[in-house]
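What you see is a predicted model; the values in this text were computed from it and never measured. What you see below is based on every heavy atom in this structure, not just the backbone, and it leaves out hydrogens, waters and symmetry mates.
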Amino acid sequence: MQWKKIALPIVILAAGFAGMTIIASAGDKEEEPEVVDTRPTVTISELQAEDYAVTLNSYGEITPLESTMLAAQVSGEVTSWNPDFVPGGLIRRGEILFSIEKDAYEAALLQAEANLSSAQAQLIQEQAQANVAEREAAGMSKSRVTDLYLRKPQLLSAQAAVKSAEAMLRIAKRDLDNCEVRAPYDALIISREIGTGDYVTPGTVAATLNNVETAEITFPVAGFDQSFLPVSVTGLDATVTVDRRTIPAKLHRDLGIVDQSTRMSHLVARIDDPYGVRSGKALIKFGSFANISFNGKTLENVFRIPQELVNNKRIWLVSEDATLQSEIVEIVREQDDFYFVRGNFDGLQLVTSPPEYPLNGMAVKVIEQSNKLVAAHANSTSAGI
């Protein structure tokens with residue numbers, strides 16, 4: 001029993017020392033450090049070539065195709081005028097604007113008809129006498145038969161008299177018709193210079209009219225846009241915007257000169273029925289300022305890149321080994337928020353969120369690959385055109 005009293009404390013001390021040793025050794029073990037990825041993160045988008053129709057935009061004033069100072073062609077007193085024959089009135093083609101007293105012209109027409117009947121009767125008489133002379137001449141020697149004997153001069157004179165009478169009849173009919181002055185086209189009345197009871201003579205200006213069947217808009221094309229014009233602009237569809245309304249138009253012609261002061265060329269577009277006389281649509285007033293847009297040349301095999309991603313004609317790409325590389329691009333066209341460029345990088349990955357200080361060969365970590373950025377820009381561009 002005595003040895004147990006001695007051994008027990010020794011065992012307890014040994015166990016305590018072993019526990020302390022284990023705890024100390026566990027505390028002395030060093031923790032392994034975590035590996036931290038220090039590469040900058042980027043987002044990318046795949047570059048894809050496309051064919052892009054350039055949109056050209058300009059501006060101009062809407063003007064009438066023609067303006068006419070309408071004048072009377074016969075003399076006489078104005079007897080009546082159309083209620084719409086007032087400044088601002090719209091008159092359809094062929095409608096009577098005002099009438100001139102007709103009595104003298106009706107009498108002249110009757111006189112011309114009578115003169116024609118008389119000339120025709122004289123011609124019939126001369127033709128009959130010529131026929132008699134021709135039959136008589138059949139039994140005579142040729143030396144005695146002359147043109148005068150055959151009444152050829154008289155016959156020619158009678159024929160000429162008929163033609164003269166027909167011409168006078170036409171003039172009489174024309175003068176009578178001109179007593180009713182009609183609109184030469186669908187017209188907007190700008191001013192009226194006559195009234196009932198006024199006496200007019202040939203050449204008296206009665207009104208100023210604007211043609212509302214067709215309007216024109218002449219607009220400049222800047223020098224940097226001229227290279228994108230098609231070879232022929234005639235017949236190209238265009239869109240005119242006036243007061244937040246869009247109206248279809250067609251390009252009609254190139255004026256064919258370059259302005260010496262602005263170095264711009266000018267094109268002309270036409271708008272059909274601007275005042276809605278035939279269509280009933282809302283009118284477009286002459287003198288309105290309008291914007292016009294139309295498609296120019298098509299750029300083939302170009303890349304659409306947001307402008308903020310192009311710096312000094314360079315873009316940043318991600319190579320297959322996840323490192324940055326810069327590429328020089330050829331800027332073909334600037335349109336809204338985009339550059340349209342050419343380069344040999346079809347299918348490569350465009351960096352859409354480059355690091356603050358990018359360097360060639362810098363290792364990066366791609367966190368997103370998407371076309372959403374380019375698509376979003378494309379939608380905003382199409383909405384703004």
Side-chain angles (χ1 to χ4, degrees), residues 52-68 84-95 183-191 207-222 224-226 228-230 232-255 259 262 264-298 304 333-338 340 375-385:
Y52 175 73
V54 175
T55 300
L56 301 178
N57 299 283
S58 190
Y59 54 87
E61 181 182 344
I62 296 176
T63 59
L65 174 64
E66 57 184 325
S67 184
T68 301
D84 292 327
F85 184 43
V86 291
L90 288 172
I91 302 288
R92 295 296 297 268
R93 175 191 286 264
E95 282 190 45
Y185 41 66
D186 292 345
L188 170 69
I189 309 302
I190 303 302
S191 65
T208 300
L209 314 178
N210 279 351
N211 188 333
V212 296
E213 293 179 350
T214 304
E216 288 194 337
I217 173 170
T218 301
F219 59 92
V221 178
F224 56 80
D225 277 337
Q226 290 178 20
F228 299 102
L229 287 174
S232 174
V233 300
T234 303
L236 287 181
D237 291 330
T239 299
V240 173
T241 303
V242 183
D243 299 330
R244 298 183 180 180
R245 292 181 293 134
T246 57
I247 301 110
K250 283 190 178 295
L251 300 190
H252 185 261
R253 64 189 183 278
D254 186 333
L255 291 185
D259 188 279
T262 64
M264 292 184 179
S265 61
H266 288 77
L267 305 181
V268 179
R270 286 188 173 180
I271 303 169
D272 185 54
D273 192 24
Y275 277 71
V277 174
R278 299 189 304 273
S279 65
K281 296 179 181 178
L283 59 84
I284 309 163
K285 293 181 179 179
F286 294 138
S288 298
F289 194 76
N291 294 317
I292 184 169
S293 63
F294 61 96
N295 287 339
K297 289 182 177 178
T298 297
R304 182 197 302 255
R333 173 75 178 175
E334 176 183 347
Q335 189 83 45
D336 300 308
D337 296 331
F338 289 95
F340 290 87
H377 277 278
N379 291 334
S380 66
T381 302
S382 61
I385 292 178

So how far is it from Asn211 CG to Glu216 CD, rounded to the nearest 0.5 Å? 10.0 Å
side-chain contact (heavy atoms from CB on, under 4.5 Å) partners for Ser232, two or more places apart: Thr234
Using the side-chain contact (heavy atoms from CB on, under 4.5 Å) criterion, which residues pair with Pro230? Sequence neighbours excluded. Val233, Leu236
Is it true that a side-chain atom of Glu95 and a backbone atom of Ala183 form a donor plus acceptor pair closer than 3.5 Å? no
Heavy-atom pair with the smallest gap, counting every atom of Pro220 and Ser58: O-OG, 2.5 Å
Could you list the residues that satisfy side-chain hydrogen bond (donor to acceptor under 3.5 Å, both in side chains) with Asp272, not counting sequence neighbours? Arg278
Assess whether a salt bridge exists between Asp225 and Arg333, defined as any Lys/Arg side-chain N lying under 4.0 Å from an Asp/Glu carboxylate O. yes
Leu188 side, atom CG; Leu90 side, atom CG - distance, nearest 0.5 Å: 5.5 Å
Show your reasoning for whether side-chain contact (heavy atoms from CB on, under 4.5 Å) applies to Ile91 and Ile189. CA-CA 8 Å; Ile91 302 288; Ile189 309 302; 3.9 Å; yes
Could you walk me through whether Asp259 and His266 satisfy the side-chain contact (heavy atoms from CB on, under 4.5 Å) test, starting with their C-alpha distance in whole Å, then the side-chain angles of each, then the deciding distance to 0.1 Å, before giving a yes or no? CA-CA 8 Å; Asp259 188 279; His266 288 77; 4.2 Å; yes
With rounding to the nearest 0.5 angstrom, report the CD to OG1 distance, Gln335 to Thr55. 5.5 Å
List in chain and number order the residues that pass side-chain hydrogen bond (donor to acceptor under 3.5 Å, both in side chains) with Thr214, two or more places apart in sequence or in another chain; answer none if no residue qualifies. none
Residues at least two apart in sequence or cross-chain that pass side-chain contact (heavy atoms from CB on, under 4.5 Å) with Val86, listed by chain then number, are Trp81, Arg192
Within the 4.5 Å heavy-atom criterion, are Arg270 and Leu65 side-chain neighbours or not? yes
What pairs with Ser67 under side-chain contact (heavy atoms from CB on, under 4.5 Å), at least two apart in sequence or on another chain? Thr208, Asn210
Please list, chain by chain and in numerical order, all residues satisfying side-chain hydrogen bond (donor to acceptor under 3.5 Å, both in side chains) with Glu213, sequence neighbours excluded. Arg93
State, yes or no, whether a side-chain contact exists between Val54 and Lys297 at a heavy-atom distance under 4.5 Å. no
Please assess Leu267 against Leu229 for the test side-chain contact (heavy atoms from CB on, under 4.5 Å), listing each intermediate value before the final yes or no. CA-CA 11 Å; Leu267 305 181; Leu229 287 174; 4.0 Å; yes
Between CZ of Arg244 and OG1 of Thr246, what distance do you get to the nearest 0.5 Å? 13.5 Å
Between side-chain atoms of residues 283-290 and protein atoms elsewhere (two or more places apart, or another chain), which donor-acceptor pairs fall under 3.5 Å?
{"residue": "Ser288", "atom": "OG", "partner": "Lys285", "partner atom": "O", "Å": "2.8"}

If only atom types and distance count, is the side chain of Thr218 paired as donor or acceptor with the main-chain N or O of Val268 below 3.5 Å? no
Can you sort out the partners of Phe340 under ring pair (Phe, Tyr, Trp, His ring centres under 6.0 Å), two or more places apart, ordered by chain and number? Tyr52
Exactly one of Val240, Leu251, Leu56 should register a side-chain contact (heavy atoms from CB on, under 4.5 Å) with Phe219. Which one does? Leu251
Note: Asp273 and Val277 closest approach over all heavy atoms is OD1-N, 2.9 Å
Who pairs with Lys250 by salt bridge (charged side-chain N to carboxylate O under 4.0 Å, His left out), at least two apart in sequence or on another chain? Asp237
Rounded to the nearest 0.5 Å, how far apart are CD1 of Ile292 and CD1 of Ile271? 7.0 Å
List in chain and number order the residues that pass side-chain hydrogen bond (donor to acceptor under 3.5 Å, both in side chains) with Thr68, two or more places apart in sequence or in another chain; answer none if no residue qualifies. Tyr185
